[in-house]
> 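One structure, pasted below without further comment.
Just so it is clear, the values below take in all heavy atoms, side chains as well, and ignore hydrogens, waters and symmetry mates. All ligand and atom numbering here is 1-based and tracks the order in the structure.
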Amino acid sequence: MKQTSMTIRQEVPADYRAVESLVRDAFWNVYRPGCMEHFVLHCLRQDPAFVPDLALVLEQDGRLIGQFAAVRADAALDDGSVLPVLNVGPLCIAPEMQRQGLGRLLLDTALQKAAERGFGAAVLEGDPAFYGPSGFVPGKTVGIRYADDPEADYFLVKELRPGFLRGKHGIYRDPAGYFVCLTRPQEFADFEAQFPAK
Ligand SMILES: CC(C)(COP(=O)(O)OP(=O)(O)OC[C@H]1O[C@@H](n2cnc3c(N)ncnc32)[C@H](O)[C@@H]1OP(=O)(O)O)[C@@H](O)C(=O)NCCC(=O)NCCS
């Protein structure tokens, strides 16, 4: 059997365009016609909330096949305080490499690093079928509701530090950095035009 080597490491500037192409390929037509996530990631890297040391790539035999990124965010608690959390995304695996356990490997590795870095909880919008086995539960079941859709089953949270969410109640809004395609449409169009037509 052929031996393969799998590496998870922090992305470096030389990876940026390849990572954006990977994100574009993986998200294309999944949640909407085309996708925006490659531009979102491109812009997030300049966002003060971005966490560079949690911007990870997964390589197999030197080939880029997955990426993980995340930003600092806050939940607004009912008592008026803010709860710092880590907002996960985008995260993807190359289309032809999906459903082989690689997404789980990358996610769990990144969350472990996030916990070591001191983050108390991670949040995201995603499919519970994928994120549930990694410990994510609907935010509404632990008192943190998604502002745009308080009953959402797809707004998920995971404690990275045991007890971090205990007794906490509040709402969560997506960080502004995820809406760049709406706020900067011409820049998005110019950026998208740099990639091969699909
Ligand atoms: C979501 C994604 C990162 C998952 O990575 P992956 O390597 O395909 O997932 P894994 O093989 O690690 O999946 C582990 C388990 O999660 C569940 N799962 C993964 N993808 C799923 C999907 N699309 N639908 C339902 N369950 C899914 C399954 O239970 C799977 O185990 P199984 O294959 O034995 O049934 C990948 O499919 C992807 O890049 N998708 C496009 C971009 C995207 O949607 N990113 C996430 C945005 S929130």
Side-chain angles (χ1 to χ4, degrees), residues 4-9 11 15-45 47 49-51 54-61 63-73 75 85-114 119 121-140 144 146-149 152-158 160 172-175 177-182 188 192 195 198:
T4 63
S5 84
M6 204 74 80
T7 310
I8 294 176
R9 61 168 175 82
E11 69 169 10
D15 299 316
Y16 286 177
R17 184 45 63 107
V19 173
E20 290 158 6
S21 288
L22 172 74
V23 170
R24 183 172 178 262
D25 287 343
F27 279 90
W28 195 260
N29 288 346
V30 174
Y31 297 104
R32 60 185 68 79
C35 71
M36 305 190 289
E37 285 78 0
H38 54 316
F39 184 59
V40 170
L41 176 61
H42 178 76
C43 298
L44 281 180
R45 293 196 188 101
D47 190 317
F50 192 65
V51 188
L54 293 178
L56 304 177
V57 292
L58 172 63
E59 281 180 331
Q60 185 180 44
D61 298 329
R63 183 182 152 226
L64 199 79
I65 56 167
Q67 65 71 232
F68 174 99
V71 303
R72 295 172 185 284
V85 296
L86 183 72
N87 190 110
V88 169
L91 158 69
C92 75
I93 297 295
E96 68 281 10
M97 301 299 289
Q98 293 176 7
R99 301 305 283 260
Q100 298 175 40
L102 298 174
R104 168 105 41 247
L105 173 73
L106 181 54
L107 174 66
D108 290 349
T109 302
L111 294 174
Q112 178 66 37
K113 286 184 189 294
F119 286 96
V123 309
L124 53 86
E125 291 99 64
D127 187 341
F130 173 61
Y131 290 101
S134 285
F136 283 86
V137 297
K140 65 182 178 183
I144 308 293
Y146 192 38
D148 293 344
D149 186 359
D153 293 320
Y154 57 82
F155 172 65
L156 304 173
V157 306
K158 173 185 161 80
L160 300 176
Y172 181 77
R173 276 179 214 288
D174 290 313
Y178 288 91
F179 299 105
V180 281
C181 296
L182 303 176
F188 172 42
E192 169 57 24
F195 292 82
K198 274 188 182 287

> Tell me whether Arg72 forms a cation-pi arrangement with Phe119, defined as NZ or CZ under 6.0 Å from the six-membered ring centre and within 45 degrees of its axis.
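Ring-cation test returns no.
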> Among all protein heavy atoms in this structure, tell me which lies nearest to atom 15 (C) of ligand 1, with the distance rounded to 0.1 Å.
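Among all protein heavy atoms, the one nearest atom 15 (C) of ligand 1 is Arg104 NH2, 3.2 Å.
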> Among protein heavy atoms, which lies nearest atom 41 (C) of ligand 1, and at what distance?
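Answer for atom 41 (C) of ligand 1: Ala26 O, 3.4 Å.
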> Would Leu102 and Met6 satisfy side chain to side chain contact (heavy atoms under 4.5 Å, CB included), going step by step from the backbone distance to the final call?
CA-CA 10 Å; Leu102 298 174; Met6 204 74 80; 3.5 Å; yes
> Please state whether the rings of Phe136 and Tyr131 are parallel, tilted or perpendicular, taking 30° and 60° as the class boundaries.
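Geometry flag for Tyr131 against Phe136: perpendicular rings.
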> How far is atom 39 (O) of ligand 1 from the closest protein heavy atom, and which atom is that?
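Here the nearest protein heavy atom works out to Ile93 N, 2.9 Å.
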> Check each of Arg99, Gln98, Glu37 against atom 33 (O) of ligand 1 and report the one with the nearest heavy atom.
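It is Arg99 that holds the nearest heavy atom.
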> Any idea which atoms of ligand 1 are less than 4.0 Å away from a heavy-atom of Leu102?
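Result: 7 (O), 12 (O).
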> How close does the nearest protein non-hydrogen atom get to atom 48 (S) of ligand 1, and which residue and atom is it?
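Here the nearest protein heavy atom works out to Tyr131 OH, 3.2 Å.
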> When you look at Phe27 and Arg32, which way does the side chain to side chain contact (heavy atoms under 4.5 Å, CB included) test go after all the steps?
CA-CA 9 Å; Phe27 279 90; Arg32 60 185 68 79; over 6 Å; no
> What is the nearest protein non-hydrogen atom to atom 46 (C) of ligand 1, stated with its residue, atom name and distance?
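Nearest neighbour among protein heavy atoms for atom 46 (C) of ligand 1, to 0.1 Å: Leu91 O, 3.5 Å.
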> Answer side chain, backbone, both or neither: which part of Phe130 comes under 4.0 Å from ligand 1, heavy atoms only.
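It is both parts that get close, each with some atom under 4.0 Å.
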> Counting from 1, what ligand 1 atoms have a heavy atom of Gly101 closer than 4.0 Å?
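With Gly101 as reference, the close atoms of ligand 1 come out as 10 (P), 11 (O), 12 (O).
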> Taking the side chain from Arg173 and the backbone from Asp148, do they hold a donor-acceptor pair closer than 3.5 Å?
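Judged by distance alone, no pair lies under 3.5 Å.
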> Under the 4.0 Å line, does any protein heavy atom show up next to atom 36 (C) of ligand 1?
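Yes, because at least one protein heavy atom sits under 4.0 Å from atom 36 (C) of ligand 1.
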> Specify the protein heavy atom at minimum distance from atom 47 (C) of ligand 1: its residue, its atom name, and the distance to 0.1 Å.
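Ranking protein heavy atoms by distance from atom 47 (C) of ligand 1, first comes Tyr31 OH, 3.6 Å.
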> Go through it in stages, so that I can follow the logic: the residues are Leu22 and Cys92, the test is side chain to side chain contact (heavy atoms under 4.5 Å, CB included), and I'd like the CA-CA distance, side-chain angles, deciding distance and then a yes or no.
CA-CA 8 Å; Leu22 172 74; Cys92 75; 4.0 Å; yes
> If the plane angle is over 60° it's perpendicular, under 30° parallel, otherwise tilted; pick one for Tyr146 and Phe155.
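Tyr146 vs Phe155 ring planes: parallel.
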> Could you check whether any side-chain N or O of Tyr178 sits under 3.5 Å from a backbone N or O of Gly89, counting only pairs where one atom can act as donor and the other as acceptor?
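Indeed, once roles are kept as given, a pair shorter than 3.5 Å links the two residues.
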> By number and element, which atoms of ligand 1 are closer than 4.0 Å to a non-hydrogen atom of Gly103?
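Those atoms are 5 (O), 6 (P), 7 (O), 12 (O).
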> Could you identify the single nearest non-hydrogen protein atom to atom 17 (C) of ligand 1 and state the distance to 0.1 Å?
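Of the protein heavy atoms, Ala129 O, 3.5 Å lies nearest.
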> Quick one: does Gln67's side chain have a donor or acceptor within less than 3.5 Å of a partner on Val57's backbone?
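Looks like no, no N/O pair under 3.5 Å.
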> Are side-chain N/O atoms of Asp61 and Thr4 paired as donor and acceptor at under 3.5 Å?
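No.
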> Counting each atom of ligand 1 from 1 as listed, which ones have a heavy atom of Glu125 under 4.0 Å away?
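Listed by number with element: 48 (S).
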> With heavy-atom distances below 4.0 Å as the criterion, list the atoms of ligand 1 near Cys92.
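Taking each heavy atom of Cys92 in turn, ligand 1 has 39 (O) under 4.0 Å.
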> Taking 4.0 angstrom as the limit and counting only heavy atoms of Asp127, give me the atoms of ligand 1 inside it, by number and element.
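Matching atoms, with element in brackets: 24 (N), 25 (C).
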